[in-house]
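Heads up: the structure comes next, in structure tokens.
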2 protein chains.
Amino acid sequence: MSDAPPRPAFLPTDVRHSLPMALLRAREAVMARFRPMLDRHGVNEQQWRVLRVLAEAEELDATQVAARASILAPSLTRMAKSMAERGLIARRKDAGDARRVLLRLAPAGEAVLRTAASESRALTEALIAEFGAERTAALIDHLNALAALGSEAALRAADRAGHEARDAGDG
Amino acid sequence: MSDAPPRPAFLPTDVRHSLPMALLRAREAVMARFRPMLDRHGVNEQQWRVLRVLAEAEELDATQVAARASILAPSLTRMAKSMAERGLIARRKDAGDARRVLLRLAPAGEAVLRTAASESRALTEALIAEFGAERTAALIDHLNALAALGSEAALRAADRAGHEARDAGDG
DNA sequence: CCCGTTTCATTAACTCGTTAAGTTAAAGGC
DNA sequence: GCCTTTAACTTAACGAGTTAATGAAACGGG
């Protein structure tokens with residue numbers, strides 16, 4: 001409390017109550033718990049996401065993997081190369097559409113999932129136990145609802161609001 | 001629904017209901033709304049966080065800025081250099097402790113905050129209007145509580161749980 | 001059938017995240 | 001007053017995020 005000196009009046013929103021920053025901090029705190037486990041299994045956070053997405057589908061093209069794992073296409077291109085070299089995943093070209101690259105789990109990737117699954121579940125359950133089961137479920141629902149807002153119409157509306165505010169705000 | 005083929009039984013948690021991934025997707029959705037505004041003002045997301053942190057304090061050392069903006073020290077070192085060159089912030093050494101580097105807003109940084117503040121507020125208010133004021137406040141509270149869990153004792157407990165599960169799980 | 005358009009993937013360039021190691025300065029023990 | 005330890009930053013190296021541009025293949029009129 002002692003370090004809140006005369007605040008300039010022009011700042012946007014208090015950092016303490018900013019939704020983007022709250023999301024960032026929460027994610028960091030959660031990932032800090034999972035990172036040691038992933039390190040032990042030789043994969044990073046993004047590779048782990050790719051493996052899990054592929055575990056839920058037989059075979060997917062790169063665009064779908066990127067969308068489901070929340071990874072951008074250029075990142076996935078780099079990752080797929082190194083993961084294929086390590087035997088975590090397998091790549092092949094789509095016979096019907098030569099633009100597409102199809103990805104699937106390879107044995108080493110299945111092995112990582114298999115041996116990490118129990119640890120991952122334990123960490124998840126420990127977190128849920130600390131934070132509360134109902135509270136966690138509700139939080140995930142809210143987060144998914146928030147993510148679902150980010151569709152085209154909403155984005156345009158937000159952009160218009162920005163322009164209007166800029167006209168009216170600080171003349 | 002048609003793309004959920006025979007799921008291998010060894011996967012950790014359904015990607016749809018994973019808390020880390022929900023946090024990631026929600027943050028992406030929110031930031032997608034703010035990014036065009038930040039682009040117009042010539043700063044990226046991390047620089048914006050630094051500016052806002054400095055706007056809330058007269059002068060802070062690098063460690064405190066990093067902590068409040070959720071930026072790692074090596075990243076802040078790089079950023080402080082380029083932001084100082086652009087006149088967004090000012091750097092000076094602490095007279096009493098020659099290890100410390102003190103950061104404060106410079107005129108160009110104040111100008112960015114001043115001209116972007118109204119747009120930022122408009123975007124924030126638009127988001128709150130869409131998502132619901134009470135719901136947003138509750139969400140931020142939950143996220144802060146979640147972030148607060150990530151303290152030392154909790155981390156050690158989670159790590160122990162991981163080891164136990166590995167022993168018991170797939171021998 | 002051809003040509004403009006769209007889609008999928010890749011490459012490139014830059015910045016940040018992350019870890020580890022190195023530098024300099026302050027603190028503490030004896 | 002040294003000498004070890006700790007703290008604050010910096011540097012380096014590598015991978016991922018982001019944007020823009022390119023390449024290649026499919027699509028869709030005309």
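A note on names: the letters A, B, ... follow the listed sequences, proteins ahead of strands, and every chain is numbered from 1.
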(message) With a strict under 4.0 Å distance from non-hydrogen atoms of chain B, what nucleotide opens and what nucleotide closes the contacted stretch of DNA chain C, reading 5' to 3'?
(response) C:dT15 to C:dA26
(message) What is the distance, to the nearest angstrom, from the CZ atom on B:Arg91 to the P atom on D:dA8?
(response) 18 Å
(message) Can you measure A:Arg100 atom CZ to D:dA26 atom C1' for me and round it to whole angstrom units?
(response) 9 Å
(message) For B:Lys93 versus B:Ala98, what's the shortest heavy-atom pair and its separation?
(response) CD-O, 4.3 Å
(message) Please report the interatomic distance CZ(B:Arg35) to CG(B:Asp39), rounded to the nearest 0.5 Å.
(response) 8.0 Å
(request) Apply side-chain contact (heavy atoms from CB on, under 4.5 Å) to B:Ala111 and list each qualifying residue two or more places apart in sequence or on a separate chain. (result) none
(request) Taking only Lys NZ, Arg NE, NH1 and NH2, and the carboxylate oxygens of Asp or Glu, determine whether A:Arg114 and A:Glu110 approach each other closer than 4.0 Å. (result) yes
(message) Consider salt bridge (charged side-chain N to carboxylate O under 4.0 Å, His left out). Of A:Arg100, A:Arg68, A:Arg92, A:Arg99, which one does A:Asp61 pass it with?
(response) A:Arg100
(request) Mark up nucleotides 16-24 of chain D, 5' to 3', with B wherever a protein heavy atom is under 4.0 angstrom from a base atom, S wherever such an atom reaches only the sugar-phosphate, and - elsewhere. (result) BBBBB----
(request) Would you mind telling me which residue lines up with the more 5' stretch of DNA chain C, B:Gly96 or A:Lys81, judged by nearest nucleotide? (result) A:Lys81
(message) Within the 4.0 Å heavy-atom criterion, would you say B:Ala98 contacts the bases, only the backbone, or no part of the nucleic acid?
(response) sugar-phosphate
(request) Indicate yes or no: does B:Glu130 engage B:Arg33 in a salt bridge with an N to O separation below 4.0 Å. (result) yes
(message) Between the side chains of B:Glu85 and B:Lys81, is the shortest nitrogen-to-carboxylate-oxygen separation below 4.0 Å, so that they form an ion pair?
(response) yes
(message) Counting C-beta onward and ignoring hydrogens, is there a side-chain heavy-atom pair between A:Asn144 and B:Arg25 closer than 4.5 Å?
(response) yes
